[in-house]
Amino acid sequence: AQTVTQSQPEMSVQEAETVTLSCTYDTSESDYYLFWYKQPPSRQMILVIRQEAYKQQNATENRFSVNFQKAAKSFSLKISDSQLGDAAMYFCAYRSPNAGNMLTFGGGTRLMVKP
Amino acid sequence: EAGVTQFPSHSVIEKGQTVTLRCDPISGHDNLYWYRRVMGKEIKFLLHFVKESKQDESGMPNNRFLAERTGGTYSTLKVQPAELEDSGVYFCASSLLGTADNEQYFGPGTRLTVT
């Protein structure tokens with residue numbers, strides 16, 4: 001079974017600075033999808049960014065980018081020019097193409113942004 | 001367009017009582033998923049509906065949990081009788097059927113507290 005680990009329960013960043021959230025996973029599959037979800041306080045979880053394992057190029061969405069290291073099974077999220085609205089729980093998730101569409105989540109990282 | 005909605009947002013019940021959670025997916029989404037996050041741990045998959053059929057219920061913890069999706073629209077998750085360890089946040093998500101990305105859209109969750 002796949003597992004996803006987020007080793008940083010909490011992180012903080014100064015507004016306008018850059019922060020990197022870590023995620024590692026364990027799988028024997030070669031093809032899969034990886035996701036970062038954001039859950040602001042008292043709001044629903046939204047997709048921030050996704051990465052297909054067969055793509056070597058790291059995904060980027062505006063201020064959000066990933067560092068996907070397939071051999072190391074690492075999938076970190078970099079947030080540039082951090083804004084107060086980035087404060088949230090961030091969840092890393094894995095999806096196998098062979099296990100329906102279920103997502104396997106990490107434990108989450110709470111990001112605080114200091115003004 | 002309305003997103004995924006869940007009702008109630010918060011439920012407090014005593015051990016041994018019954019609680020029914022409801023999820024209304026995005027209109028037209030045939031895939032519906034239930035997840036839960038217990039005591040600040042990882043978000044865990046419970047089950048997956050495709051329309052009204054249970055595609056995968058491998059994550060259901062025991063037979064005290066019953067999920068239904070009559071008519072392939074909204075879904076209910078009943079816990080009977082509730083135990084203390086059932087406390088947590090129950091998330092519902094939905095997605096389109098047959099798309100390559102299959103992005104899951106999450107509801108705000110129902111926080112269940114069993115005392």
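Each chain gets a letter, A, B and so on, in the order its sequence line appears, and its residues count up from 1. FYI, side chains are in, hydrogens and waters are out, and symmetry mates aren't considered; it's all heavy atoms of this structure.
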(message) At a heavy-atom distance under 4.5 Å, which candidate from A/A93, A/G108, A/P9, A/G106 has the highest pair count against chain B?
(response) A/G106

(request) Please state whether the side chain, the backbone, both or neither of B/R111 comes within less than 4.5 Å of a heavy atom of chain A. (result) neither

(request) Pick one of side chain, backbone, both or neither for B/V50, based on which atoms fall under 4.5 Å of a heavy atom in chain A. (result) neither

(message) Could you go through A/M45 and B/Y35, starting from their C-alpha distance and side-chain angles, then the distance that decides it, and tell me whether this counts as side-chain contact (heavy atoms from CB on, under 4.5 Å)?
(response) CA-CA 12 Å; A/M45 203 150 40; B/Y35 296 85; over 6 Å; no

Are there over 12 heavy-atom neighbours, none belonging to [X], within less than 6.0 Å of that residue's [atom1]?
X: B/N62; atom1: CG; result: yes
X: B/K78; atom1: NZ; result: no
X: B/K15; atom1: NZ; result: no
X: A/K73; atom1: NZ; result: yes
X: A/F64; atom1: CZ; result: yes

(message) Return the CD to CZ distance between B/Q104 and A/F35, rounded to the nearest 0.5 Å.
(response) 7.5 Å

(message) Within this structure, what is the CG-CE distance for the pair B/N31 and A/M102, rounded to the nearest 0.5 Å?
(response) 14.0 Å

(message) Would B/Y105 and A/Q44 count as a side-chain contact (heavy atoms from CB on, under 4.5 Å) here? Give the steps.
(response) CA-CA 9 Å; B/Y105 295 84; A/Q44 49 233 82; over 6 Å; no

(request) Following the transitive rule for hydrophobic clusters with a side-chain heavy-atom cut-off under 4.5 Å over Ile, Leu, Val, Met, Phe, Trp and Tyr, establish whether A/F75 and A/F91 coincide in one cluster. (result) no

(message) Applying a strict under-4.5 Å side-chain criterion to I, L, V, M, F, W and Y, I'd like to know whether B/V89 and A/Y37 cluster together.
(response) yes

(request) Please report the shortest heavy-atom distance between A/L103 and B/F45, naming the atom on each side. (result) O-CB, 4.2 Å

(request) Against chain B, label A/Q6 side chain, backbone, both or neither, depending on which of its atoms sit under 4.5 Å from a heavy atom there. (result) neither

